[in-house]
Number of protein chains: 2
Amino acid sequence: MDASGQSPYSHRMDATTSTRKLGRRPKAVGGEAAREAILDAAERLFAARGFNGVTVRHIGEAAGVDPALAHYYFATKRGVFDAVFLRRAPPLNAERERLLDELEARPADEVTPADVIAAFVEPALERWAHGGPGWKAYLALVAQVNNTPEWGGETMTRYFDPVVHRVIALMRRCLPDAHDVDLYWCYHFLSGALTLTLAETGRIDRLSGGACASSDYPAVSTRLPEAMAAAFVAVTARGRASDR
Amino acid sequence: MDASGQSPYSHRMDATTSTRKLGRRPKAVGGEAAREAILDAAERLFAARGFNGVTVRHIGEAAGVDPALAHYYFATKRGVFDAVFLRRAPPLNAERERLLDELEARPADEVTPADVIAAFVEPALERWAHGGPGWKAYLALVAQVNNTPEWGGETMTRYFDPVVHRVIALMRRCLPDAHDVDLYWCYHFLSGALTLTLAETGRIDRLSGGACASSDYPAVSTRLPEAMAAAFVAVTARGRASDR
DNA sequence: GTCTATAACTGGATAGAC
DNA sequence: GTCTATCCAGTTATAGAC
């Protein structure tokens, strides 16, 4: 039943992520540097294996610092996780807000649903493609949290809902006859499509026999806004009388 | 930073899922019953907290059987997980195949993209809504795995790709001018939208201020095929000359 | 088939030396 | 600020009684 023979769930680190005793990093310690090294390593490990799949010892090893420092700076393992999640949310959302401001300043009839969607997804996709491994890991982590029952929905709400409410409001301006329930469900579908992309699981590569690549930014950037804009238009177009 | 005060990552079981010493089950042991009880409990716990967030002891407690039985029947914790994942994939995919057979038997011009999508998503949504807590948990687990980097894509490939290839083939028949790359990407978006729904994180409830419910089967069933069919049509409609 | 007991180990966290 | 040493609760897994 197991194809690889190597359990993907074990705590063991694989060759590419482990750090040999001769630290891979320039041992760039010295106060703030250690703190950042811990966050970078934790970001990568949490994204790859989830909160419970990572140990404080792994983080210390990967960061090239003593594991006890994680407790010194962040008190608990959960503190490390929260710091990771918090670090990149503000810059990401700030750029989304900026693009949404621009759309809001334009006349309503010069803004398309695809424009609104692009303002929401492009800041994420652009960092995912060109922001370096830190952003890649962070966005994969967001994708995982978004699909996590129990606390996932609550966590996403806390960090990302304000900007989503602006997306809905702008979409309402583009599609004045739309019912709010339809807008929310379409946003939900958009969120799922975006986060599966950011998770970069490699499934589409295998499925397509290599014709598509999980990491192909232009392919996503050109298709996702167009696809989901059509979804918004189709679902909100009809007069839907009965709805919960 | 933590809103709830109660860590959602801890191994502690909450009141609704824990089992007091006076087992909640009728202690329905006796060979096969214990095996099934273990699978049911593991399914629920893995779905809620992921592989590493669950212990064999938790599973035994929740199932009302001795934890050592999990090893007796499944050898390892990973064996339990694989058995959970395997159990419900065949019946789900069998019904998808049946519905796809029906569509394939019809003339091409009487099959719409929404029909193809419905044949793929309805068997999952129907069980999610009316299949009981076991199916709910199983589908939430699939959603989590689908968005898991490293081994998630590989696992989904193993269990679900055959039926997806049929979906793509039927879609190709509906949209004969479509490029395969576009079809694969649109399936990818569909997969993300579907699995976020199955994860049922409660985010849309909070986001919409209660106007939408994560668990609203009719709301999803009427909108998802329509939304994603429009996405397929929009993306594949144009002649796209240059594509990786 | 089921459960008790325990082996063998790893987890988060901390006290205190440097 | 950093690291060593360590606590001890909790982990998977198994041997062997019943």
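Just so you know, these numbers use all the heavy atoms, side chains as well, and skip hydrogens, waters and symmetry mates. Just so it is clear: chains get the letters A, B, ... in the order the sequence lines come, proteins before strands, and each one is counted from 1.
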**Out of D:dT4, D:dT12, D:dT2, whichever nucleotide has its closest atom nearest the side chain of A:D66** = D:dT4

**Prompt:** Taking only N and O in the side chain of A:Y72, is any of them less than 4.0 Å away from OP1 or OP2 of D:dC3?
**Reply:** no

**Message:** Let's see if you can work this out: which of C:dG12, C:dT2, C:dT14 has an atom nearest to the side-chain heavy atoms of A:K77?
**Reply:** C:dG12

**Request:** Find the distance A:R57:CZ to D:dG10:P and express it as a whole number of Å.
**Result:** 16 Å

**B:S221 side-chain N/O to B:Y217 backbone N/O, donor-acceptor pair under 3.5 Å** = no

**Prompt:** Taking CD from A:E61 and P from C:dG11, how many angstroms apart are they, rounded to a whole number?
**Reply:** 10 Å

**Asked** If you check every side-chain atom of A:A68, which of D:dT2, C:dT14, C:dT4 has the closest atom?
**Response** C:dT14

**Message:** Quick check against the 3.5 Å criterion: does B:K77 have a side-chain atom that pairs as donor or acceptor with the backbone of B:F51?
**Reply:** yes

**Request:** Can you tell me the distance, in whole Å, between the CZ atom of A:R49 and the P atom of C:dT10?
**Result:** 15 Å

**Prompt:** Over how many whole Å does the gap from B:I59 atom CD1 to D:dT12 atom C1' extend?
**Reply:** 11 Å

**Request:** May I have the distance from A:Y73 (atom OH) to C:dT14 (atom C1'), rounded to whole angstrom?
**Result:** 17 Å

**Prompt:** So which of A:V56, A:I38, A:I59 actually passes side chain to side chain contact (heavy atoms under 4.5 Å, CB included) with A:L69?
**Reply:** A:I38

**Request:** Assign the ring pair A:F189 / A:W185 to parallel, tilted or perpendicular, where the plane angle (0 to 90°) is split at 30° and 60°.
**Result:** tilted

**Message:** On the nucleotide D:dA13, are OP1 or OP2 found under 4.0 Å from the side-chain N or O atoms that B:H71 carries?
**Reply:** yes

**Message:** What is the distance, to the nearest angstrom, from the CZ atom on B:F74 to the P atom on C:dG1?
**Reply:** 13 Å

**Asked** Taking side chain as C-beta onward, heavy atoms only, is A:V163 less than 4.5 Å from A:E95?
**Response** no

**Request:** Could you check which of D:dT2, C:dT2, D:dT12 has an atom nearest any side-chain atom of A:A34?
**Result:** D:dT2

**Asked** Taking CD from A:E32 and C1' from D:dT2, how many angstroms apart are they, rounded to a whole number?
**Response** 15 Å

**Item:** Between P of D:dG16 and CG of B:L69, the distance in whole Å
**Value:** 19 Å

